[in-house]
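Note on naming: letters A, B, ... go to the chains in the order of the sequence lines (proteins, then strands), and numbering restarts at 1 for each one.
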Amino acid sequence: MINRALNNSATRNYLLNKINQCTNLSQLNQTHAQIIHNSLYNDLITVTKLTQKLCDFNAVCKASLLCSAVPNPDLFLCNVLIKGFSRNNLPEKCVSLYLGIRGGCDFEPDCYTYAFTVSACSQFSCEKMGMLVHGNAIVDGVVGDLFVGSCLVDMYLNFGKVGYACKVFDGIPERDAVLWNTMISGLVRKGWLEDGIRVFCDMVVRGSLFDSTTLAVVLSAAAELQELGAGMMVQGFSIKNGLDGHVYVLTGLISLYAKCGEMVPAKLLFEQIEQPDLVSYNAMISGFSSNCDIASAVSLFGGLLLSGEKVNSSTIVGLIPAHHPFGHLDLTWSIHGFSFKCGLVTNSSVSTALTTVYSRLNEIEYARKLFDESPTKSLESWNAMISGYAQNGLTETAISLFRNMQALGVTPNPVTFTSVLSACAQLGALSLGKWIHELISKEKFESNIYVSTALADMYAKCGSLEDAQRVIDMMPSKNAVTWNAMISAYGLHGHGHEALKLFREMLASGVAPTGVTFLSILYACSHAGLVSDGEKIFHEMVNDHGFEPLAEHYACMVDLLGRAGKLDKALEFIETMPYNAGPPVWGALLGACMIHKNTDLARVASDKLFELDPDSVGYRVLLSNIYSAEQNYPQAALVRRAVKKRNLAKTPGCTLIEVGKLPHVFTSSDQSHPQAESIYAMLEKLMGKMRNAGFQTETVMALHDVEEEEKELMVNVHSEKLAIAFGLISSEPGTEIRIFKNLRVCLDCHNFTKFASKITNRVIVVRDANRFHHFRDGVCSCGDYW
DNA sequence: ATAGGGTTAG
């Protein structure tokens, strides 16, 4: 009997050892056979070890069956099984086992039970269950335990409930490095970067011992924030504690310096690493690439390949020149080809990054091809595609893709909404935008600054400044882009003084103006005829804010002066430029010549333009208009023929009007509308009254960039007239009419609309390609300059 | 520890 027991114990030790040594499932199955053969299948210790190993090899079902056959399971075995279910993505099994332990077992859950169950809830976002387990843990008095506490902190941070996480954290005054690290890395992972750094500082102040993991996480937060100072503080601590040679710390520092645009120290740090691993290479490559040093990025990438090290998706994504101001189509193609060869194009991050760069290079078809071919479409890849369409002006496609995404049950996030709103804004689709706003409210995304800025911009561009202002008033804080959007919104509607007021408010609030701020405010001044204010701001920009004016700023000033009729002053201004004026500047002067019908100066400007930009369509159309205005029709026709010959696209004019949330689109002389007959009747009635009142159709060609439409005025009816007539017959008397035209409104239609607003006693709001016109009582808010 | 998606002007 004694012998037999000894023998059993020896066999058991032998088998336990054997289980530990198994490196795959088939070896483990053989060992299992031996266990059965030796009649140890009911032995708790052996079965527990076997369960553990089976779970490691993802054979949790088999493990579960084995356990249920054990006559006398204990808590330890149950805990191992909970961990196994969690590992094998079976949260509901974890929970039911946990509940089984709680309800009518001989034993009570311990710290391990709670820790494993909580981390299962965390991993699988079982929010309600997690909180219930937390409650039980409080009752059982185990929340002060470091292991349980860390799991709870991790869980609440995963759920985004920072308050709860802090409560658990604060309840454990004696913290170890794991608890601190859980708190810090959870905050950083969820984007609460500043808070992560703050907790780290707390940790240091309390004298808690940190490790290289702590430093690496804090460094990644500092890098993301581009807070060089915070990062250098961490560097200081790493030196003090002798962790500055650790490869994680060094890699974190490289990434920090790279993200702050400091590649020289990054390079020095990289050289300090004796044997750089893939991650440190990746940090360097992405650093070079994002700092526009393509040559260094590519050469380091080459070095990595030569060293025989395998590359991963991070390497590829870091190499892709996604944020470069100049296109690198050739490089992108090469990277694309390489990714294909090593099987990484199917990686979601890689294909998303490639999609993004293609669409930024206006190669939207390539982007779409990649998107269609990617086997798993992450939210990021949907976003990349939607924003690609929105940024390329393919607004309808962007919106229909958004609908596809919704139909497939992919939940949009703030990034998605921001892009879709930009599409709505471009489209002028107010009811669509309002629908998006409802979706945003439902998801509680209004607090996101990108979303609310885009929302305000959408309302302004869809004609409703009041709604835009309402969104802005709700925002707790504004960044430069928010201010810029509002300044340009007021400018767009011709409210120059409001825009100036906002500009002063922005400066007073301490938000630094950007290049776009000055463009927005200068355009606002220009459209409102506030010449001296604009000149003052340009002066301020250079002298007080130390801005080097870009070509766009000069173009704005030329526009400002020229629009106000100070053409000579505009020309003088061009001569003061420190470099040669480019197409935008001459284009602005030409535009001003159009308004003020200065043919001589127009020819000077257009000569310059054709010299600099021979392929431009718009300027050729303008030139043709100049000739037409001089009644030089043969020359005008010649220019137009040249345009046609080059097969340069011309956009046909069309106008959109929403009636009862339904969009109606009209083209020139459109007969396709079901109510065409009454529309034309209404138009005839208006035109008759207009003629009687002495209005004349502009016979001389207006010098506007309105393309083909203009010439055909005598035979054709422009789309905006049709839309207004339709608006008049399909809405209540006295209500506002809003229409959207894709091109600039022509002089004749502008006159027509003024007249229509007077005799019908309606406010008519017109958004054209450039700005808003508010017609009221025969007067337009643009003051007839547009 | 490294990597992917967003708002503003013309």
Side-chain angles (χ1 to χ4, degrees), chain A residues 185 212-213 215-220 223 246-256 258-259 273 277-287 289-290 311-320 322 344 347-357 359 374 378-388 390-391 412-422 425 448-458 460-461 478-489 491-492 514-524 526 550-553 555-556 559 584 587-588 591 769-771:
Chain A
S185 65
S212 52
T213 317
L215 298 183
V217 168
V218 181
L219 281 172
S220 76
H246 197 286
V247 71
Y248 283 19
V249 175
L250 284 167
T251 306
L253 282 169
I254 289 172
S255 163
L256 168 80
K259 288 240 164 83
I273 306 176
D277 62 359
L278 179 59
V279 180
S280 52
Y281 262 104
N282 289 350
M284 280 304 283
I285 291 169
S286 114
S289 177
S290 56
V311 303
N312 63 12
S313 57
S314 206
T315 324
I316 305 285
V317 174
L319 191 60
I320 292 171
L344 283 167
N347 175 284
S348 179
S349 303
V350 172
S351 79
T352 305
L354 285 170
T355 302
T356 308
V357 78
S359 71
S374 61
S378 65
L379 178 58
E380 284 85 351
S381 66
W382 281 100
N383 289 345
M385 205 59 237
I386 292 170
S387 78
Q391 286 167 3
N413 73 352
V415 178
T416 327
F417 285 122
T418 307
S419 300
V420 174
L421 283 171
S422 159
N448 182 294
I449 195 159
Y450 283 90
V451 171
S452 45
T453 301
L455 204 47
D457 179 62
M458 180 278 292
K461 287 202 177 124
K478 306 179 188 68
N479 64 17
V481 179
T482 316
W483 285 105
N484 294 350
M486 279 318 280
I487 290 169
S488 57
L492 196 64
T514 66
V516 176
T517 313
F518 290 106
L519 288 174
S520 309
I521 189 68
L522 288 174
Y523 273 108
S526 175
L550 299 173
E552 290 95 326
H553 295 104
C556 256
D559 184 73
N770 282 339
R771 59 169 294 155

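Look at A/Lys461 and you'll find a side-chain N or O under 4.0 angstrom from OP1 or OP2 of B/dA9. Between A/Ser387 and B/dG6 there is a side-chain N or O to OP1 or OP2 distance below 4.0 Å. Considering only side-chain N and O atoms, A/Gln391 lies under 4.0 angstrom from the phosphate OP1 or OP2 of B/dT7.
In this structure, A/Ile449 places its CD1 atom 12 Å from C1' of B/dT8, rounding to the nearest Å. Distance CG (A/Asn484) to P (B/dG10): 11 Å, rounded to an integer number of Å. Protein atom CG of A/Leu379 is 12 Å distant from nucleotide atom P of B/dG5, rounded to whole Å. Between A/Ile521 atom CD1 and B/dT8 atom P there is a gap of 18 Å when expressed in whole angstrom units. Atom pair A/Leu550:CG and B/dG10:P shows a separation of 15 Å (rounding to whole Å applied). Regarding A/Leu455, its CG atom lies at a distance of 14 Å from the C1' atom of B/dG6, rounded to whole Å. Here B/dT7 presents its C1' atom at 15 Å from CD1 of A/Ile386, a figure rounded to the nearest Å. Residue A/Tyr523 contributes atom OH, which lies 5 Å from atom C1' of B/dG10 at whole-angstrom precision.
Residue contacts shown for A/Ser488 are limited to sugar-phosphate atoms, with no base heavy atom under 4.0 Å away. Using a 4.0 Å heavy-atom criterion, one finds that A/Thr517 contacts no nucleic acid atom at all. Contact annotation for A/Tyr450: base contact, defined as any heavy-atom pair under 4.0 Å involving a base atom. In this structure, A/Thr482 reaches neither bases nor backbone, as no heavy-atom distance under 4.0 Å exists between it and the strands shown. Among the protein residues, A/Lys259 comes within range of the sugar-phosphate backbone only, with heavy atoms under 4.0 Å from sugar or phosphate atoms but none that close to a base. Heavy atoms of A/Asp277 sit under 4.0 angstrom from at least one base atom.
Residues that satisfy the side-chain contact (heavy atoms from CB on, under 4.5 Å) test with A/Thr356, not counting sequence neighbours, are A/Thr352, A/Arg360, A/Ala384. Residues passing the side-chain hydrogen bond (donor to acceptor under 3.5 Å, both in side chains) test with A/Thr517, sequence neighbours excluded: A/Asn484, A/Thr514. When the side-chain hydrogen bond (donor to acceptor under 3.5 Å, both in side chains) test is applied to A/Ser280, the partners found at least two apart in sequence or on another chain are A/Asp277. Residues satisfying the side-chain contact (heavy atoms from CB on, under 4.5 Å) criterion with A/Asn770, sequence neighbours excluded, are A/Arg744, A/Asp768. With sequence neighbours left out, the salt bridge (Lys or Arg N to Asp or Glu O under 4.0 Å) criterion links A/Lys259 to no other residue.
For B/dG5, its base never sits under 3.5 Å from the side chain of A/Thr352 at any donor and acceptor pair. Not a single donor-acceptor pair, N or O on each side, falls under 3.5 Å between the base of B/dG10 and the side chain of A/Asn770.
Side chain of A/Asp457, nearest nucleotide from B/dG4, B/dA1, B/dA9: B/dA9. Here the nucleotide nearest the side chain of A/Asn282, chosen from B/dA9, B/dA3, B/dT2, is B/dT2. Nearest to the side chain of A/Val451, among B/dG6, B/dT2, B/dT7, sits B/dG6. Each of B/dA3, B/dT7, B/dA1 was ranked by its minimum atom distance to the side chain of A/Ala454; first place goes to B/dT7. Considering only side-chain atoms of A/Ser349, the nucleotide from B/dA1, B/dT8, B/dG4 that sits closest is B/dG4. Relative to the side chain of A/Ala384, the nucleotides B/dT7, B/dG5, B/dT2 differ in distance, and B/dG5 lies closest. Comparing B/dA3, B/dG6, B/dG5 by their closest approach to the side chain of A/Asn448 singles out B/dG6. Nearest to the side chain of A/Thr356, among B/dT8, B/dT7, B/dG5, sits B/dG5.
By the 4.5 Å heavy-atom criterion applied to side chains, A/Thr315 and A/Leu278 are counted as neighbours. Considering only heavy atoms from C-beta on, A/Asn282 comes within 4.5 Å of A/Asn312 through its side chain.
Side-chain contact, A/Asn413 with A/Asn383: a donor N or O sits under 3.5 Å from an acceptor N or O.
Separation of atoms NE2 (A/His246) and OG1 (A/Thr213) is listed at 7.0 Å; rounding is to 0.5 Å.
Against DNA chain B, the stretch residues 412-421 of chain A makes heavy-atom approaches under 4.0 Å through A/Asn413, A/Pro414, A/Val415, A/Thr418, A/Ser419.
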